[in-house]
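Below: the structure, in structure tokens.
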Amino acid sequence: MCDICVMNAVKDRMLSRRSFFRTAGLAGAGAALAGGLPSQTRAAAHSGMTDLTHTLSPDFPTFFGEPGVSTEQVYNFGEHGFNLQRHTVNEHTGTHIDAPLHFSADGASVDEIDIATLICPLVKIDIAARAAEDADTTLTPDDIQAWIDANGEIPDNACVALYSGWGEKAEGEGFRNFDGEAMHFPGFHVEAAQMLLETGAASIASDTLSLDPGTSADFAAHYAWLPQGRFGIECIANLDQLPASGATVFIGAPKMRGGTGGPARIIAMV
């Protein structure tokens, strides 16, 4: 069958299906309204949820300063009856996962991360006030101990997130905060990463471009954490909307064979 025949067949089929689903959708909506689901039940299904994911685009700041995403429109609805884009994405762009393989010779790739670790309690450690005064500040063992003193032990399987307030800078140059020689943003001190290895935490997260501070030249926190079979999350968003403890996060890790990481959709529920 010729290409244009295929395109026309697809368009006819899609238009037919759209008409069917429009009719079915209206009927379904009417039935739901007639059924009278309690309004409080519908509201509860959407309350207490926070998107911890930045929108991915070619404009999102990256560690190396060059676009991490490019998009090509391969098919468009006007000509072909459907839309299809081709994306080229650096694994470590936007809100994304660092798999153990990212900083080890033979660690687990992103598709090998245990799914039991992708739904977990969130520990938020707030260093935003300090970061506002010092962009190079780090999350330290003292910060972890202060959280424990206030909230109890780090839960097993927890994701321990550094909240510096940096997520609000994600739309501009302040996110990289590059002065011509180095970037300046907060991260985990290597001793904090080492301390967390002694807990049941399965992952750590930062609202900045790296688990390490921007001035790091040796990626000490990465090398302390990832080769131990645990993973990281960088550029996490909207931590300001969550409490220090009590939230549960759902981490939509990409399942790319052999991947060192990849963009993730992360949602929190309180």
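Numbering of residues begins at 1 and proceeds along the displayed sequence.
Taking the side chain as every heavy atom from C-beta outward, Ser206 and Phe185 never approach each other to under 4.5 Å. Residues Lys255 and Asp111 form a side-chain contact, since some pair of their non-hydrogen atoms from C-beta on lies under 4.5 Å apart. Residues Pro186 and Leu139 have side chains not in contact (no heavy-atom distance under 4.5 Å, counting atoms from C-beta outward). Inter-residue side-chain proximity for Asn83 and Gln73 is flagged as met; some heavy-atom pair is nearer than 4.5 Å. Using a 4.5 Å cut-off on side-chain heavy atoms (C-beta onward), Arg265 and Asp51 make contact. By the 4.5 Å heavy-atom criterion applied to side chains, Ile144 and Val160 are not counted as neighbours. Residues Met49 and Ile267 form a side-chain contact, since some pair of their non-hydrogen atoms from C-beta on lies under 4.5 Å apart. Counting only heavy atoms from C-beta outward, the side chains of Trp225 and Leu196 approach each other to under 4.5 Å.
The backbone N or O of Asp134 sits nowhere less than 3.5 Å from a side-chain atom of Thr137 that would complete a donor-acceptor pair. Remark: side-chain polar atoms of Thr62 are paired, donor with acceptor, to backbone N or O of Gly65 under 3.5 angstrom. Side-chain atoms of Asp136 do not come within 3.5 Å of backbone N or O of His184 as any donor-acceptor pair. Using a distance-only test at 3.5 Å, with no hydrogens or angles considered, a donor-acceptor pair links the side chain of Asp212 to the main chain of Ala220. With hydrogens and angles disregarded, a donor-acceptor distance shorter than 3.5 Å links the side chain of Glu112 to the backbone of Ser109.
Just one of Ile236, Ile119, Ile233 meets the side chain to side chain contact (heavy atoms under 4.5 Å, CB included) condition when paired with Ile251; it is Ile233.
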Inset, instruction - Determine, step by step, whether Glu153 and Ile148 satisfy the side-chain contact (heavy atoms from CB on, under 4.5 Å) criterion, reporting the C-alpha distance in whole Å, the side-chain angles of both residues, the deciding distance to 0.1 Å, and the verdict. - result: CA-CA 5 Å; Glu153 294 298 321; Ile148 291 172; 3.8 Å; yes

Inset, instruction - Give the C-alpha distance, both sets of side-chain angles, the deciding distance and a yes or no for side-chain contact (heavy atoms from CB on, under 4.5 Å) between Ile125 and Phe188. - result: CA-CA 11 Å; Ile125 301 182; Phe188 285 85; over 6 Å; no

Inset, instruction - List the steps, then state whether side-chain contact (heavy atoms from CB on, under 4.5 Å) holds for Leu242 with Val270. - result: CA-CA 8 Å; Leu242 298 177; Val270 180; 3.8 Å; yes

Legend entry - Verdict with supporting geometry, Ser104 and Asp106, side-chain hydrogen bond (donor to acceptor under 3.5 Å, both in side chains): CA-CA 6 Å; Ser104 59; Asp106 56 0; 5.1 Å; no

Inset, instruction - Begin from the C-alpha positions of Thr71 and Gln85 and carry the test side-chain hydrogen bond (donor to acceptor under 3.5 Å, both in side chains) through to its verdict. - result: CA-CA 7 Å; Thr71 300; Gln85 299 176 339; 5.1 Å; no

Inset, instruction - Could you walk me through whether His102 and Ile97 pass side-chain contact (heavy atoms from CB on, under 4.5 Å), step by step? - result: CA-CA 10 Å; His102 187 36; Ile97 287 177; over 6 Å; no

Inset, instruction - Would you sort out whether Thr140 and Asp142 count as a side-chain hydrogen bond (donor to acceptor under 3.5 Å, both in side chains), showing the intermediate values? - result: CA-CA 5 Å; Thr140 68; Asp142 287 343; 4.7 Å; no

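We find the CD-CG distance between Glu168 and Asp240 to be 5.5 Å, quoted to the nearest 0.5 Å. Note: Asp114 CG to Arg230 CZ = 12.5 Å, rounded to the nearest 0.5 Å. From Ser203, atom OG reaches atom CG of Asn157 across 7.5 Å, with rounding to the nearest 0.5 Å. Between the CG atom of Leu239 and the CG atom of Leu162 there is a distance of 8.5 Å, given to the nearest 0.5 Å. Atom CG of residue Leu84 and atom CD of residue Glu72 lie 10.0 Å apart, to the nearest 0.5 angstrom. Remark: Glu181 CD to Phe178 CZ distance equals 8.0 Å, nearest 0.5 Å.
For the pair Pro263 and Val89, the tightest heavy-atom approach, listed with the atom from each and the gap, is CG-CG1, 3.8 Å. A pairwise comparison of heavy atoms in Cys235 and Thr95 identifies O-OG1, 2.7 Å as the closest pair. Contact record, Pro155 with Trp147: CD-CH2, 4.3 Å, taken as the closest heavy-atom pair. The heavy-atom pair separating Ala268 from Leu52 by the smallest distance is CB-CD1, 3.8 Å. Taking every heavy atom of both residues into account, Leu118 and Phe231 meet most closely at CD2-CZ, 3.9 Å. For the residue pair Ala224 and Leu197, the shortest heavy atom distance occurs at O-CD1, 3.4 Å.
Both Val123 and Ile204 are part of a single hydrophobic cluster, where members link through side-chain heavy atoms under 4.5 Å apart. Grouping the Ile, Leu, Val, Met, Phe, Trp and Tyr side chains by contacts below 4.5 angstrom, directly or via other members, places Met183 with Phe219. Linking ILVMFWY residues whenever their side-chain heavy atoms come closer than 4.5 Å, directly or via other members, leaves Met195 and Leu122 in distinct clusters. Cluster annotation: Ile113 is connected to Val249 through the hydrophobic network of ILVMFWY side chains, with a link wherever side-chain heavy atoms come within less than 4.5 Å. In the hydrophobic clustering of ILVMFWY residues, with side-chain heavy atoms under 4.5 Å counting as a link, Val69 and Ile266 come out apart.
Atom CZ of Phe250 has more than 12 heavy atoms from other residues, nucleotides or ligands within 6.0 Å. Around CD of Glu173, the count of heavy atoms belonging to other residues, nucleotides or ligands within 6.0 Å does not exceed 12. In Gln241, the CD atom is crowded: over 12 heavy atoms of neighbouring residues, nucleotides or ligands sit closer than 6.0 Å.
A tilted orientation is assigned to the rings of Phe82 and His80, their planes being inclined by 30° to 60°. Taking the six-membered ring where the residue is Trp, His54 and Phe175 present perpendicular rings, their angle passing 60° and hence far from 30°.
Taking the centre of each ring, Phe63 and His92 stay at or above the 6.0 Å mark.
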